[in-house]
Every structure is written in structure tokens, then in C-alpha cells.
Amino acid sequence: MKAADVRHILDTIGDLFPDAHCELNHSNAFELTIAVLLSAQCTDATVNKVTEDLFQKYKAPIDYISAPLEELEGDIRRIGLYRNKAKHIQSLCSILIEQYGGEVPEAHDLLVTLPGVGRKTANVVVSNAFGVPAIAVDTHVERVAKRLALAGWKDSVLEVEKKLMKAVPRDEWTLTHHRLIFFGRYHCKAQNPKCQVCPLLDVCREGKKRMKTAVVRKAKDHTPKS
């Protein structure tokens, strides 16, 4: 894709969502790490409801490992995969205490070694907590990137990330990550994207396909029956 086309996409999405930001509530890098870990296969809204009480009860890594596993499971029971996530949290907290003085490491290559922390989580933490430019590819970012031809339909999550990093100026990585999420979450939705009012319809292969299908369907509906 030409640089001018990428710029058009970034500016248009920026106009739609100028104030896009991380919607997971947190007050420090540790809380953000826990919140992102919990958000896997779960909505940010649900995570925020759970962490509202969780972060009042557990302030530091030592608090999580001091509680019985069953108690922590109960505290996050509304979260999908809560049993596995509770185990990951306690294991992660133990490592933070034993190896990092109870602090979340800033280096991406160290973050991805922590239990329950994958590449996406690490990217979110380094970019939002430590100000390091990064593009975390979640389901929204992946969907939007592929629909707008910023990535290929069959690209893996890592391939999508690499293509976005190449296309987007480095100093815009983090902001673009947030804006792509907002665009996918509130506009270019998985099931009912707002194609008919989308300012990027001219460059969206998915949107063109959907609108063409809608026109054909409408034409058939209005065809007189013999």
C-alpha cells in the first residue's frame, strides 16, 4: 500500500477517534499487566468491573500470592478462563518478587517470559506504562488491518503487527493501536460494521463487498414477481 493511502487511513481514523486511549482502568504498570492478562477473551468493560474491587483488595504482588488460589479464583470468577488466569497471576507475582524486586520489568523480552503474558500483553504494557512505541494486535486491530488491506487476509497476528509497524511512523504506533481498537470496537464491528456511513469505504475491500451484496439483495427484493 502506498504511503499516501496509509496516511489517509490514519488521518481519517484519527478524525473519528482523536481521543482513543487504553480503556482498561489502572494506576500503575503492575495493575495494567494484571488487567491485560485478565482481558484475554474477555471485554474491557467486564475486566474493569472486576478490577474495581480486585485492585482495592490486592495492592502488590505479595498480596496475590498470600491469598489462597481458591479465593483469588472467586475474586475473578466473572472473567473467562478465570482458573487459569488466577494461576498465571500468582505465578507471575512470585517471579516479580523473586527476580524483579516486586516491580514489572520494562523490557519487552522480559515481559513475554512472565506467565500469562504474551506478545500483545507485553506491547500494551510497554507502550502504555513505559512510553515505548508499540502496536499490540488484538482482535479489533487484526480485523481492521485486514479489511483495510494494511495486512493480508491470511496473515498471522505477528505478521499483521510487523506490517503495521512498517507502514505506520514509529512515533504513531501507540496512538494508532488505540485508534484502530476504537475504530474496530465502535465503528468497524465484526458483525455489523457501519459501512454505509464509513469515510474509509473507498479503500475498504470488505466494505465494498458488503455494500455490493446489499445493493444486489435490495435489487432482488424490488424485482417484480411474475
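Atoms considered below: every heavy atom in the structure, side chains included; atoms not considered: hydrogens, waters and symmetry mates. All values reported here derive from a predicted model rather than from experimental measurement.
In terms of modelled atom types and a separation under 3.5 Å, the side chain of His26 and the main chain of Leu24 share a donor-acceptor contact. Side-chain atoms of Glu52 do not come within 3.5 Å of backbone N or O of Asn48 as any donor-acceptor pair. Arg179 contributes no side-chain N or O that, together with a main-chain N or O of Leu16, makes up a donor-acceptor pair within less than 3.5 Å. In this structure a side-chain-to-backbone donor-acceptor pair under 3.5 Å is missing from Thr51 to Leu54. Using modelled atom types, one side-chain atom of Asp155 and one backbone atom of Gly152 make a donor-acceptor pair closer than 3.5 Å. Although no hydrogens or angles enter the test, the distance criterion places a donor-acceptor pair under 3.5 Å between the side chain of Lys85 and the main chain of Ala40. Using modelled atom types, one side-chain atom of Gln90 and one backbone atom of Tyr64 make a donor-acceptor pair closer than 3.5 Å. Using a distance-only test at 3.5 Å, with no hydrogens or angles considered, a donor-acceptor pair links the side chain of Asp63 to the main chain of Lys59. Side-chain atoms of Asp44 never come within 3.5 Å of backbone atoms of Glu23 as a donor-acceptor pair (strictly under, hydrogens ignored).
No side-chain heavy atom of Ile135 sits less than 4.5 Å from a side-chain heavy atom of Asn123. You'll find the side chain of Glu31 reaches within 4.5 Å of the side chain of Ser27, heavy atoms only. A 4.5 Å side-chain heavy-atom check between Leu114 and Pro105 finds at least one atom pair inside the cut-off. You'll find the side chain of Phe183 stays beyond 4.5 Å of the side chain of Pro193, heavy atoms only. Between Leu96 and Phe30, some side-chain heavy-atom pair lies under the 4.5 Å cut-off. Residues Lys120 and Val137 form no side-chain contact, since every pair of their non-hydrogen atoms from C-beta on lies 4.5 Å or further apart.
Surrounding CG of Asp11 are more than 12 heavy atoms belonging to other residues, nucleotides or ligands, all under 6.0 Å away. Gln99 CD: more than 12 foreign heavy atoms inside a 6.0 Å radius. Atom NZ of Lys146 has more than 12 neighbouring heavy atoms from other residues, nucleotides or ligands inside a 6.0 Å radius.
Using modelled atom types and a 3.5 Å distance limit, the side chains of His178 and Asn128 yield a donor-acceptor pair. In the model, Thr43 has a side-chain atom that pairs as donor or acceptor with a side-chain atom of Thr46 under 3.5 Å.
Residues Val36 and Leu72 are members of one and the same hydrophobic cluster, defined by side-chain heavy-atom contacts under 4.5 angstrom among Ile, Leu, Val, Met, Phe, Trp and Tyr. In this structure, Leu32 is a member of the same hydrophobic cluster as Ile76, with clusters built from ILVMFWY side-chain heavy atoms closer than 4.5 Å. A single hydrophobic cluster is not seen to contain both Phe17 and Val124; linkage of ILVMFWY side chains at heavy-atom distances under 4.5 Å, directly or through other members, places them apart. Under the 4.5 Å side-chain heavy-atom criterion for ILVMFWY residues, a single connected hydrophobic cluster contains both Val144 and Val157. Cluster membership check: Leu200 shares its hydrophobic cluster with Leu164, using side-chain heavy-atom separations under 4.5 Å among Ile, Leu, Val, Met, Phe, Trp and Tyr.
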Could you walk me through whether His88 and Leu37 pass side-chain contact (heavy atoms from CB on, under 4.5 Å), step by step? CA-CA 9 Å; His88 286 322; Leu37 187 157; 4.2 Å; yes
Applying side-chain contact (heavy atoms from CB on, under 4.5 Å), run through Phe182 and His21 and close with a yes or a no. CA-CA 8 Å; Phe182 269 54; His21 59 279; 3.9 Å; yes
What do the steps show when you test Leu81 against Gln41 for side-chain contact (heavy atoms from CB on, under 4.5 Å), and what is the final call? CA-CA 8 Å; Leu81 305 175; Gln41 298 184 41; 3.9 Å; yes
From CA spacing to verdict: side-chain contact (heavy atoms from CB on, under 4.5 Å), Ile89, Ile34: CA-CA 7 Å; Ile89 288 173; Ile34 298 298; 4.0 Å; yes
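For the ring pair (Phe, Tyr, Trp, His ring centres under 6.0 Å) condition, no pair includes a residue of residues 95-140, sequence neighbours left out.
Here Glu161 pairs with Arg119 in a salt bridge; the nearest charged N to carboxylate O distance falls below 4.0 Å. Contact check on Asp202 versus Lys208 returns no salt bridge, with no Lys/Arg side-chain nitrogen under 4.0 Å from an Asp/Glu carboxylate oxygen. In summary, Arg210 and Glu206 engage in a salt bridge, as defined by a charged side-chain N under 4.0 Å from a carboxylate O.
The CG atom of Leu38 sits 10.0 Å away from atom OG1 of Thr121, with the distance rounded to the nearest 0.5 Å. Going from atom CG of Asp138 over to atom CZ of Arg143 covers 8.5 Å, rounded to the nearest 0.5 Å. Between the NE2 atom in His177 and the OG atom in Ser127 there is a gap of 5.5 Å [rounded to 0.5 Å]. Atom CD of Glu73 and atom CZ of Arg77 lie 7.0 Å apart (nearest 0.5 Å). Rounded to the nearest 0.5 Å, atoms CD1 (Ile181) and CD1 (Ile13) are 11.5 Å apart. Atoms NZ and CZ, on Lys209 and Arg147 in that order, are 10.5 Å from each other to the nearest 0.5 Å.
In this structure, Ile65 shares a hydrophobic cluster with Ile62, Ile97, the cluster being traced through Ile, Leu, Val, Met, Phe, Trp and Tyr side chains under 4.5 angstrom apart.
Cation-pi geometry between Arg205 and Trp153 is met: under 6.0 angstrom from the ring centre, within 45 degrees of the axis.
Glu71 is linked by a side-chain contact (heavy atoms from CB on, under 4.5 Å) to Lys57, Tyr58, Ala67, Pro68, Asp75, counting only residues two or more places apart in sequence or in another chain.
Residues Ser39 and Val47 come closest through the heavy atom pair CA-CG2, 3.6 Å. Here the shortest heavy-atom pairing between Ile79 and Cys42 reads CD1-SG, 3.8 Å. Scanning both residues, Val112 and Gly118, for their nearest heavy atoms gives CG1-O, 4.0 Å. The two residues Pro61 and Cys93 have their closest heavy-atom pair at O-CB, 3.6 Å. The nearest pair of heavy atoms linking Pro199 to His8 is O-NE2, 4.4 Å. The two residues Leu10 and Glu172 make their nearest non-hydrogen contact at CD1-OE1, 3.9 Å.
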